[in-house]
Each structure stands twice: as C-alpha cells, then as structure tokens.
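These notes are about the structure you will find just below.
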Amino acid sequence: MLKATLRSFLAHKGRLVLSALAIILSVAFVAGSLIFSDTVTRTFDRLFASTSADVTVGPKEDLKEAVPSGRTATVPASLRERVAKVEGVADAHVDASVDNITVVDGDNEPVGSTTGAPTVATNWYPTDRSPVELTSGHAPRGAGQAMLDADTADRKDVGLGDTLTVLARPGSFKVKIVGIATFTTTNPGAALVFLDTPTAQRKLLGAPDAATSISVTAAQGVDDDTLKRRVAAEVGAGYELETADEQAESAAASLGGFLDVIKYVMLGFAGVAVLVGIFLIVNTFSMLIAQRTRELGLLRALGADRGQVRRSVLFEALLLGLIGSTLGLAAGIGLALGLIELMGALGMNLKSTEMVLKWVTPVAAYVVGVGVTFVAAYLPARRAAQVSPMAALADAEIAGVGRPLKRRAVAGSVVAVAGAAALVACAVADEASSAASFLGLGIVLTLVATVIAGPLLVRPVIRVLGGAFPAVFGPVGRMSQRNALRNPRRTGATAAALMVGLALVGGLSVASASMTESFDRQIDATLGADFVVQNAGFMPFSPEITQKIEDTGGVGLVVRQRFSPIELALPDGEKAESTAAGYDPRLDDVADITYAEGSSRAALAPGRIGMDKDFAHEHGVRVGDALAATFPGGRETKLTVGALTDQDAPEGFGVEGGLFLGLATVEKYVPDGQDSAVYVNAASGTNPETLRERLEKTLDPYPQVQVRDQADYKELIRQQIAVMLYLVYALLGLAIVIAVLGVVNTLALSVVERTREIGLLRAIGLGRRQLRRMIRLESVVIAVFGALLGLALGLVWGVAVQQVLALQGMKELAFPWTTIIAVVIGSVVVGLAAALLPALRASRMNVLVAIAHE
C-alpha cells in the first residue's frame with residue numbers, strides 16, 4: 001500500500017500543484033508575519049535596552065489621552081540638582097524633548113518622516129547610550145543652531161549651513177544646521193532635530209525651567225532598582241519613575257500596537273488563503289478519487305481493507321501538506337525579507353542579517369499547512385474507503401453524481417435558520433457590544449450554511465444563468481450548461497472558493513458606503529462653517545497658527561476647538577474617564593447642534609459642561625447636576641451640567657459621553673493645550689473663495705494644516721474609510737487568485753475525467769474552437785454563480801453591519817451598486833481567465849487516444 005500510495009502521488013503530482021499553491025500562500029503569510037514581527041521586536045528591544053537611562057524621572061500621568069490635546073507634560077528642571085545628590089547617582093541630565101512639532105525647509109516643504117513616525121526635537125547631550133553620534137560639523141551652540149540626523153538629511157537633501165524652520169507649540173523659530181548625527185543603532189524611522197538644552201527648554205517647552213524628564217545614570221555597582229528606590233524617596237510621589245528595563249518594556253508595548261496591525265493583517269491574508277484553500281483541496285481530492293474509482297476498487301479486490309484505502313489517501317494529503325508547508329516556510333522567509341527591505345525604503349533601517357527565526361515559526365507553518373491539508377482531505381478519504389471491490393469491474397465513480405442532497409438540505413436549513421436568527425438579533429439589539437457578538441455569530445453560521453447548501457442552489461441558479469446559452473451558442477451552450485449541472489457538489493465547492501472573497505468585499509463595501517453616506521449627512525447637517533482649518537492627521541497645532549488665521553483679511557468669525565482628557569464622578573457612583581471638546585462661545589454660528597435640554601450658551605458658560613443625553617440617562621445625570629471633574633495634572637473642580645445633546649453621533653470624534661465645554665474652562669485647567677481645529681466664517685462682504693485663497697496664502701508656511709470646506713471634509717472622511725477598503729480589496733485579490741486556481745484545477749481535472757467523452761464529441765464533429773468555447777462557458781457560469789452567491793451573502797452581512805453602525809450614530813444604509821456591478825463583470829473575466837489553460841489542453845487532445853482512454 002505504501003508503494004501504491006507513493007506511485008499514485010507521483011502520478012498525480014501535476015494535478016496537485018495548484019492545491020499546493022494554496023497551502024504555500026497560507027503558510028507563507030503565517031511564517032512571514034511571525035518572522036517579521038519577531039525580527040522587529042528583537043531589534044527594537046536591543047535599541048530600547050541600549051539607549052534607555054538607568055532611571056528616568058518623568059511627570060505622573062493620571063489621565064489617558066484618547067484624542068491628543070497637544071499639551072506637553074513636564075517636570076521642574078531644578079529636579080536635576082536634587083536627583084544628582086542622591087547616593088548612587090553618577091550623573092543626571094535634563095531632557096527637553098517633544099514629538100508634536102513640524103520642521104520645514106526654505107520651500108516650506110516638511111522635513112521629517114513620511115511613514116508616520118514622529119519628528120522629534122530634543123536637547124543634545126552626548127552619552128555612551130545616545131542612539132546617534134556626531135559625524136559632521138559641531139554640536140549646537142545657542143538659539144539659532146541645530147543638528148539633524150543623517151538619514152533625514154540625506155532623504156531631504158539638507159546639508160550643513162541650511163536653514164530650517166521649527167514649528168513648535170510656543171511658536172515657530174529658525175535654526176541653522178551646524179551638525180549631522182548618524183545613528184549607531186537601528187533607525188526607527190523618526191526624524192531627529194537636536195538643540196542645545198536652554199534653547200530646547202525655551203523654544204520647545206515654552207519655559208526655561210521645564211523638562212520633559214530627568215535621565216539618571218547609576219554609579220558603578222548600583223543596580224537600577226536600588227537607584228529607583230533612592231530617587232523616589234528623594235523626589236516624592238508626584239513623579240513617574242522607570243528603570244531601563246521598565247522603559248524598554250513600555251516602549252515595546254507602544255511599538256506592539258504597530259506590530260500587531262501588521263501581524264493581524266498578514267494573518268488575515270493567511271486566514272483567507274486557508275479558508276479558500278480548503279475548498280480547493282477538498283475538490284481536488286474528491287475529483288482525483290472519483291477518477292481512481294476503478295483503481296481503488298481493484299485495490300479492495302486484491303485485499304486492501306477500508307482503513308488501508310483511507311490511510312492511503314490521507315498519506316497523500318500528508319505528503320502534499322509537508323511539501324506545501326516546506327515551500328511555504330521558504331516563501332515566508334522571502335516575504336519577511338521583502339517586508340524588511342520595504343521598511344528600509346520607508347526609513348526604518350532593519351538588518352536582514354539579524355532576521356529572527358524562532359522555533360514557533362516552523363511549528364506554526366507545519367501545523368497550518370499539514371493540518372489544513374489533512375482536515376480538507378479527510379472527507380474525500382472516507383469516501384474513498386467506501387469504494388466497493390465491485391467498482392473495479394464497472395466504470396463507476398464516487399464523486400457524488402446523482403447522490404441525494406437531503407442531508408445537505410436539512411443541515412444547511414438548520415444552520416441557516418440559526419444564522420438568520422443571530423443576524424435578526426443583531427438588528428434588534430440595543431447595545432453595540434451585544435449586536436457585534438450576534439453579528440459575528442451570524443456571519444459564521446450563514447457562511448457555513450451557504451457552503452453546505454450551495455450544491456442545492458446549483459441547479460436552479462445555473463439553469464437561469466445559463467438559460468440563454470442554448471439560444472446564443474447552440475448545442476455548445478447547452479452542453480456547457482449541463483456540464484456545470486452534472487455534479488452539483490463539485491460545482492458548489494468550486495464556486496464556494498470565489499464566494500468567500502466576494503462575500504467579504506460585498507459586506508464591507510456596504511458597510512463603507514453606509515459609513516460614507518452617514519458622515520456626509522452628518523457633515524451637511526452639523527457643519528455650518530465656511531472653512532475648517534485642521535492638521536492632516538487631526539493633531540493639534542500651535543496657537544501661532546490660530547493667531548495668523550484671525551489676522552487674515554476677510555475673516556469674520558473664528559471658533560476654536562481644543563480637546564482635553566477629563567474624569568467625571570457620576571451620580572451612579574462610577575467614574576468616567578473620557579475626552580472633552582472645548583469650544584469658543586459662538587459655536588452655534590459654525591455648527592448645528594440638536595439639544596434635548598439646554599443650549600450651547602448654557603453648556604459653554606464658565607464652570608459648565610454638556611454631554612450626550614444617552615450617556616446622561618445611563619448614569620443618572622440631569623441638567624443642573626454638579627459633577628466633580630479631574631483634569632490632567634490632578635487639577636480638580638466642579639462642573640455643572642448645562643445641556644444635553646441629541647446628535648446622531650457624539651461630539652468629539654465619538655469618544656464616550658460626547659462631552660463638551662467652554663474653551664475658557666479648558667484653558668483654565670489645561671493651560672498648555674493646543675487647538676485641534678479652527679472653524680472660520682467669512683466676514684460680511686467677503687466672498688468665501690476669496691477668503692480661501694487668503695487663508696491658504698497665510699498658512700503656506702505651515703504645511704501641517706489644511707483649509708477645508710464641506711466638500712473637502714467629506715473627501716477626507718472618504719479617504720480614511722477607503723484605507724479599510726484597500727485592505728478588503730487586497731484580501732479579495734488573494735481570494736480570487738486562489739479561487740482561480742480552484743476553477744483551473746476543477747476544469748483541468750474535469751477535462752481529464754471526460755477525456756473519452758471529449759474524444760467522442762470531437763469524433764462526431766465538434767471543432768477545437770467549439771470545444772474551447774464549451775469549457776469557457778462552463779467556467780464563466782460557475783464563476784458568476786459563485787459571485788452572485790457571495791454578493792448575496794455579502795449584502796446580507798453588510799446590512800447587518802450597518803445595524804451595528806447605527807447604534808454608533810451612523811444610521812444611513814447605502815449600497816455600492818458600482819462595486820457590485822464591477823464584481824459581476826469581474827467574475828466573468830475570472831471565469832474566462834481560469835478556462836484558458838484547461839480549454840487549450842482539451843482542444844489539443846488526440847481524438848483516437850481520447851476515445852481509447854480508460
């Protein structure tokens with residue numbers, strides 16, 4: 001049996017190649033994501049460990065910023081003298097470092113990272129733990145001098161003597177580049193600007209006696225934990241102290257979010273490849289076993305029992321899984337290398353020579369590759385074991401032709417009813433969390449139900465889809481339709497591979513279209529300003545920019561928006577930590593806000609606060625209640641509830657509670673914050689387009705901010721939603737690639753299976769061109785069937801997703817008809833492309849050899 005199995009595997013190796021590709025792709029994404037993330041993690045662990053101070057004394061942060069406020073938390077610079085006197089301290093340095101700045105060159109072009117990494121301005125003091133070393137020029141001396149890192153200088157063509165403008169919170173200032181510093185460790189992609197310490201304190205922090213932290217170096221023989229305890233005893237409880245290991249751990253945790261995005265995206269690709277690959281493998285093994293019915297029957301007649309036959313097929317699957325996993329692991333290493341090179345091109349200089357290959361990676365690769373193949377081949381193996389010895393005497397097959405589909409009908413109906421019930425529960429749920437849970441369950445169950453019941457839909461749907469074939473293409477069209485109907489199980493499994501990807505894109509396309517429409521309606525209903533000035537990434541900007549806007553000719557009204565973390569003690573005993581938006585008093589002139597109680601005037605008055613009515617009702621808050629509020633730095637006060645809003649979406653980027661208050665209150669308790677947006681109306685008699693030109697000219701030296709009207713704002717939202725769609729389309733592309741392999745595999749094996757039939761058709765006059773057309777039509781109708789099934793399922797999912805979004809205020813339902821039509825047309829193209837090679841192979845068969853085929 002072992003010899004027979006090996007010979008069978010080698011005899012069909014060409015037919016198994018396409019199935020192996022699905023395994024290779026899924027394993028490659030799993031292995032590549034693990035190798036890349038492990039490499040980046042180890043690289044940055046080394047960076048953080050080698051550059052962190054033994055102990056760092058920083059400001060104590062008690063509130064987290066869900067939305068950036070633009071403030072920079074500081075400690076007194078005089079703290080350095082106290083720390084330096086602690087026993088066991090060898091040295092202590094003042095740190096004055098910020099990453100909420102913009103640096104521009106003489107042409108007002110940004111000088112900084114293009115990958116999302118921050119542009120950091122900091123004070124320069126060289127130590128043996130500095131991540132850079134001075135390699136050209138000299139260190140900065142005085143207010144007008146600065147150093148730049150070599151990577152940024154090369155990328156932006158900045159040299160010694162060039163002048164740059166630094167746009168910081170206290171204001172903008174010019175510096176001359178007098179030195180270039182080269183990274184001695186991994187460059188994380190950030191742009192670094194170095195100033196001398198007094199200049200950094202004044203120009204970056206706005207205070208000559210402020211510091212962002214104090215870096216402490218331990219004396220010989222003093223461990224970090226001991227030093228931390230001694231320093232803590234000296235400075236008291238008002239500061240945050242971290243050892244080098246703790247700093248490295250917290251920095252790695254921050255980096256972990258970035259790595260998780262890459263890892264989960266790649267694992268998502270792997271998941272799609274696995275899911276679609278299962279259908280391909282099941283179909284391949286089912287057809288191979290069908291073609292070997294007589295061979296398996298002969299083995300049974302010679303004495304092989306059912307277990308031996310089943311193990312024979314599973315051993316073939318094991319060989320396929322091992323080969324696919326090995327090649328996939330190699331491809332994963334190549335994928336990780338590609339990602340490392342890509343990161344290098346984007347500014348994050350990782351070394352491919354330091355690639356990390358932990359034992360977990362090959363284990364995961366083989367578990368995925370072998371496991372998926374083994375599971376997918378199990379049902380075909382069981383079917384093979386049921387072959388009777390009498391099958392050796394007949395031209396029989398066990399592929400399921402003519403077998404009743406009653407079990408599938410019952411199982412599919414039960415699962416479909418459960419899935420529909422879950423989606424209905426999602427639609428009627430009152431809370432987003434429970435609705436999302438029902439949505440996930442409903443998606444899984446309806447997908448399983450469609451896969452199970454797919455063969456039941458083959459005959460009715462394909463009869464309709466191919467109904468015009470006989471009239472348009474004559475006998476060739478009729479035969480292509482009947483070929484697709486011949487084996488519903490095979491057709492259903494082949495179409496299911498395409499269905500998965502299209503269901504995904506259909507569902508998320510509906511969700512994104514609904515989100516876009518909801519935001520468009522909300523912008524139309526609430527945004528009343530002529531223009532909004534914002535940072536490209538919604539990051540805060542310097543008050544200097546706001547002042548420039550106010551001084552621009554033709555500006556009639558300016559309303560500022562600023563955010564701040566806040567904690568409220570609520571009447572029900574809970575404490576809500578959220579983010580509040582602060583506005584100038586004339587908010588109603590630039591926004592249309594619907595109130596359940598109160599007004600903007602009442603909410604924005606000093607010592608007052610407004611919130612969303614649903615949040616208020618949930619916590620028992622009423623207008624007039626006085627709530628204890630805590631701002632950053634432990635500043636406490638009482639705020640009286642002045643108004644309750646009834647908006648479709650909460651104020652303040654949808655953060656909890658929709659909290660908002662007067663900007664004067666925010667400035668009182670968070671004096672070092674920055675504006676996040678400025679709403680501008682044109683003065684009476686000034687044309688808005690004229691004002692726009694003036695504003696853009698005024699803000700030309702500040703490339704980090706843009707002037708937007710309603711249409712621009714809508715386009716910005718669409719672009720952000722489109723980022724999600726790009727990922728979906730990439731997943732769709734992968735699913736289509738594997739689905740095409742599945743259709744090609746099915747048609748190729750089908751051609752082999754029908755060799756004698758094709759020979760007879762050719763013998764009675766069917767031309768080569770007619771034969772190719774027959775196979776192409778069969779492929780197209782299968783592809784369109786899978787597309788329609790996927791789109792129908794995806795549209796149902798999309799409607800359910802929109803119901804969840806409605807609980808978040810996005811209540812509009814929209815269908816992307818252009819995308820839907822494009823997908824249907826694309827499925828026809830997919831069908832034609834998949835049929836090219838099988839049709840060409842069939843048309844080249846020798847007629848006599850085909851007729852004599854066993």
Side-chain angles (χ1 to χ4, degrees), residues 48 52-53 55-80 82-83 92-102 118-123 166-171 190 193 195 197-216 228 231-232 234-243 246-247 249-251 253-254 257 535 537-543 562-567 577-582 629-637 655 665-676:
F48 300 142
S52 298
V55 174
T56 302
V57 183
K60 191 168 186 177
E61 290 297 326
D62 43 6
L63 296 179
K64 295 180 180 179
E65 292 194 349
V67 181
S69 65
R71 68 188 186 91
T72 301
T74 62
V75 299
S78 58
L79 196 64
R80 191 204 76 82
R82 292 173 56 192
V83 171
H93 294 279
V94 168
D95 295 319
S97 178
V98 296
D99 59 7
N100 55 352
I101 65 161
T102 301
T119 299
V120 179
T122 185
N123 60 317
V166 180
L167 311 175
R169 184 189 66 80
V193 178
L195 310 170
T197 298
T199 302
Q201 290 174 298
R202 291 196 315 272
K203 298 292 188 179
L204 301 179
L205 306 181
D209 58 347
T212 50
S213 62
I214 307 296
S215 292
V216 185
K228 177 182 175 180
V231 173
E234 170 63 28
V235 301
Y239 302 97
E240 191 77 33
L241 278 72
E242 288 185 322
T243 64
E246 290 169 341
Q247 289 180 68
E249 185 177 339
S250 59
S254 301
N535 189 299
F538 299 105
M539 296 296 291
F541 48 82
S542 167
R562 187 176 293 186
F563 291 100
S564 170
I566 189 173
E567 182 182 80
E577 187 174 328
S578 186
T579 297
T630 303
F631 288 93
R635 299 182 180 94
E636 298 180 348
T637 187
V655 294
T665 304
V666 175
E667 289 178 324
K668 180 179 179 180
Y669 295 101
V670 191
D672 54 350
Q674 299 184 60
D675 297 335
S676 294

Query raised in the report: Under 3.5 Å, is there a donor-acceptor pair between the Y669 and S564 side chains?
Result: no
Requested in this report: Ignoring hydrogens and angles, tell me if any N or O in the side chain of Q247 forms a donor-acceptor pair with the backbone of A53 under 3.5 Å.
Outcome: yes
Requested in this report: Kindly give the heavy-atom pair with the smallest separation between A581 and F563, and that separation in Å.
Outcome: CB-CE2, 3.5 Å
Report summary line: Smallest heavy-atom separation, A211 atom then V94 atom, equals CB-CG1, 3.5 Å
Requested in this report: Keeping the roles fixed (side chain from T212, backbone from D95), state whether a donor-acceptor pair exists under 3.5 Å.
Outcome: yes
Report task. Taking the side chain as every heavy atom from C-beta outward, state whether V57 and V75 have any pair of such atoms under 4.5 Å apart. Result -> no
Query raised in the report: Run the side-chain contact (heavy atoms from CB on, under 4.5 Å) check on L167 and S542 step by step: do they pass?
Result: CA-CA 8 Å; L167 311 175; S542 167; over 6 Å; no
Query raised in the report: Which value, rounded to the nearest 0.5 Å, describes the distance between D209 atom CG and L79 atom CG?
Result: 12.0 Å
**Report entry** Contacts of E234 that satisfy salt bridge (Lys or Arg N to Asp or Glu O under 4.0 Å) - sequence neighbours left out
**Finding:** R82
Query - E249 and E242, any side-chain heavy atoms less than 4.5 Å apart - result: no
Requested in this report: Show your working on side-chain contact (heavy atoms from CB on, under 4.5 Å) between E667 and V670 and close with a plain yes or no.
Outcome: CA-CA 5 Å; E667 289 178 324; V670 191; over 6 Å; no
Report task. For the residue pair T630 and I566, establish whether any side-chain heavy-atom pair is separated by less than 4.5 Å. Result -> no
Query raised in the report: When you measure from the side chain of R562 to the backbone N and O of G582, does any donor-acceptor pair fall under 3.5 Å?
Result: no
Query - Least distance between heavy atoms, R80 atom then A92 atom - result: NH1-O, 3.0 Å
Query - Contact check, side chains of V231 and Y239, non-hydrogen atoms, under 4.5 Å - result: no
Report task. Would you mind telling me which of V216, I214, V235, T56 makes a side chain to side chain contact (heavy atoms under 4.5 Å, CB included) with L241? Result -> V235
Report task. With sequence neighbours excluded, tell me which residues meet salt bridge (Lys or Arg N to Asp or Glu O under 4.0 Å) with R71. Result -> E61, E65
**Report entry** Minimal non-hydrogen separation, P59 against T74, with atom names
**Finding:** CB-O, 3.7 Å
Report task. Output yes when a side-chain donor or acceptor of R169 lies under 3.5 Å from a complementary backbone atom of L205, and no otherwise. Result -> yes
Report task. Hey, could you give me the OG/CD distance between S213 and E240, rounded to the nearest 0.5 Å? Result -> 12.0 Å
Query raised in the report: So, does N123 use its side chain to make a donor-acceptor pair with the main chain of Q201 at under 3.5 Å?
Result: no
Query - Nearest-0.5 Å distance that lies between atom OG in S69 and atom CG in D672 - result: 7.0 Å
